[in-house]
Amino acid sequence: MKVTYDYIIVGSGIAGLYTALLARQQGSVLVLTKGSIDECNTKHAQGGIAAAIGAHDSPELHFRDTIAAGAGLCDEEAVRILVEEAPDRIADLIRFGVPFDTLDGQIALTKEAAHSVPRILHAGGDATGEHIETTLSRMARQARVEILEHCLAIEIMVEGNRVQGVKALDTRMGSVEEFSCRNLILATGGAGRLFKYTTNPDIATADGVALAYRAGAEITDIEFFQFHPTAVRLPGVPPFLISEAVRGEGGILRNVEGYRFMPDYAPEGDLAPRDVVARSVHAEMAKTGSDRVFLDVTHLPPPIVTTRFPHIYRFCLDHGLDITKGLIPVAPAAHYMMGGVRTNAWGETNIAGLFAAGETACTGVHGANRLASNSLLEVIVFAKRILEQTRKGAQANPAPGTSSRYEHWPLPRRKAIAEPPPASLSALQSLLWQKVGIVRHGDSLEEAATILAGWQREFVPSLDRPSHELANLILTGRLMAEAALLREESRGAHYRADFPQPSPAWQSHIVFSRGSE
Ligand code: FAD
Ligand code: SIN
């Protein structure tokens, strides 16, 4: 007889595993994940997790910093929930066994860009994500959560606007199976693989956004993608992240001539908001005709560098660079998807029984630019609320909040172009990096949208993981290019060279949903 699970969760990063551990207390749970359990963005998180637990901090201060970073597009109700529920959720992680670093018996807190006080908890110095992922996966195994690895979700099954289950491809056997459930939680993570240079691992292919869109869910704020200013830039070396906490502890950006340039761009200097630093690095690279700038920590006492950032130190050393003695070559890289599957404050989408948690969700807390280390926090705060909501059985009104600032837009029809380039992962990543990247322009966005629309029409995935992922990236890339083209202004992480200022007329969110094509 076919089993109907109370919860199916797609993904095994912090969002998937934390949700699974809570759901286990409320019913039957199945976790599907497309690789092995620990393949996820979460494992790579370095800087830490933000929460107002310090003596000189308060949820109100955390609220203000988050709103300021979001550049006028944060959902204030969601941000209130985020900052007020943060300390309790951190206590949950501590109870689960996440070993946050301490100093003199107190949890150690560091500072990152655009936070007005030190409020970032970290573990293993710069290995916060690895500790969270290891702790949660150990707990999930102990709790006997049923987890199917190498199982790629390929379609959400919906009838009459209610979720029925999910179709998944066993990527080892090449077979497709249907799984039924009452509640389906998408926890599929981000989309960094849209771009040529990214801090994200291979799994970050926007699957949740694409699956949800095809099922009829609303996608919002998809034009806002955060570029991290400092990823290692060395030939043949992946763009490994150099945490913002390195600048928080005193690291300095210099151009290829050794000049400290950030004070020329922003009063906060090296700790200006992430979007400002990424664009300044981009501009400085163009000005000096170089593909990199440098991060300098040689003035810091070596033991601080090696003990506070052991992973970064080791990674660089393995690539021939002792960062206590020499400068780190860095450049911006695609890092975090602010937009995603639109949810309300309970993680509900506009489809009954379909929830989204983590980076694939857009709860509204990040607005146009995420405050550093708010994403791990967002996961645990809103995942908990999904479980509260499903426990109450409340599903009467699954539609996300109906603020008038959310506006539905149709996707324009785009004409085929003569001799389009063939669709491939590398062609897509180069296209998005060049035309939908850190600095955008109407002409190049239009070109990208047209090529992506052509690929969307022509590319049919076969029964393997890479081609499903490519189809998902093409669809999400198209939504991103179209939204970026519509938004004729610059705001947060979205910068248009042809509209360099924010416009009050654009203080609204773009929403796409299927049927708008
Ligand atoms: P993920 O951890 O990416 O998990 C997604 C899961 O879904 C994976 O298991 C994946 O295999 C699975 N999956 C995807 N598609 C499918 C499918 N179709 N079928 C089945 N399974 C699927 N944030 C902070 O707050 N602080 C930090 O210090 C920080 N540092 C970061 C450093 C790096 C290098 C990176 C890349 C990100 C960092 N972030 C940080 C962001 C943060 O790590 C992520 O936003 C967060 O971990 C996302 O968690 P998640 O569970 O939503 O997604
Ligand atoms: C970092 O450590 O710089 C990344 C923090 C984040 O993305 O929140």
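Every value quoted in this text rests on a predicted model; they were computed, and no experiment measured them. In listed order, ligands and their atoms are each counted from 1.
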Chemist: Which residues pass the ring pair (Phe, Tyr, Trp, His ring centres under 6.0 Å) test with Phe309, sequence neighbours left out?
Modeler: none
Chemist: Does the plane of the ring in His62 sit parallel, tilted or perpendicular to the ring in His115? Use 30° and 60° as the thresholds.
Modeler: tilted
Chemist: Check the pair His366, Tyr336 against ring-ring contact (aromatic ring centres under 6.0 Å, His included), reporting the backbone distance first and the verdict last.
Modeler: CA-CA 11 Å; His366 305 307; Tyr336 183 84; 5.3 Å; yes
Chemist: List below, pair by pair, the N or O atoms of ligand 2 and of the protein that are less than 3.5 Å apart, including the distance to 0.1 Å; reply 'none' if no pair qualifies.
Modeler:
unit_1	atom_1	unit_2	atom_2	d
ligand 2	2 (O)	Gly47	N	2.9
ligand 2	2 (O)	Ser243	OG	2.7
ligand 2	3 (O)	His228	NE2	2.8
ligand 2	3 (O)	Glu244	N	2.6
ligand 2	7 (O)	Arg274	NH1	3.0
ligand 2	7 (O)	His335	NE2	2.7
ligand 2	7 (O)	Arg370	NH2	2.7
ligand 2	8 (O)	Arg370	NH1	2.8
ligand 2	8 (O)	Arg370	NH2	3.4
ligand 2	8 (O)	Ser373	N	2.6

Chemist: Answer yes or no on whether Arg233 is positioned over the face of Tyr197, meaning its NZ or CZ is under 6.0 Å from the six-membered ring centre and within 45° of the axis.
Modeler: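 That pair qualifies as a cation-pi contact.
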Chemist: Would you call Arg260 and Asp296 a salt bridge, using N to O less than 4.0 angstrom?
Modeler: no
Chemist: Kindly state whether the ring of Phe315 and the ring of His311 have centres lying under 6.0 angstrom apart.
Modeler: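 Centroid separation for Phe315 and His311: 6.0 Å or greater.
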Chemist: State plainly whether the residues Lys43 and Glu133 are in salt-bridge range, i.e. N to O under 4.0 Å.
Modeler: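 Answer for the salt bridge query: no.
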Chemist: Under the side chain to side chain donor-acceptor pair (under 3.5 Å) test against Ser373, which residue among Arg119, Glu244, Glu112 passes?
Modeler: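 Single pass found, and it is Glu112.
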Chemist: Collect the protein residues that have a non-hydrogen atom under 4.0 Å from ligand 1 and hand them over in chain and number order.
Modeler: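 The answer is Val10, Gly11, Ser12, Gly13, Ile14, Ala15, Leu32, Thr33, Lys34, Glu39, Cys40, Asn41, Thr42, His44, Ala45, Gln46, Gly47, Gly48, Cys151, Leu152, Ala153, Ala187, Thr188, Gly189, Thr199, Asn200, Ile203, Asp207, Leu241, His335, Tyr336, Gly358, Glu359, Arg370, Ser373, Asn374, Ser375, Leu376, counting any residue whose heavy atom sits under 4.0 Å from ligand 1.
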Chemist: Going by ring pair (Phe, Tyr, Trp, His ring centres under 6.0 Å), name the residues that satisfy it together with Phe63, two or more places apart in sequence or in a different chain.
Modeler: none
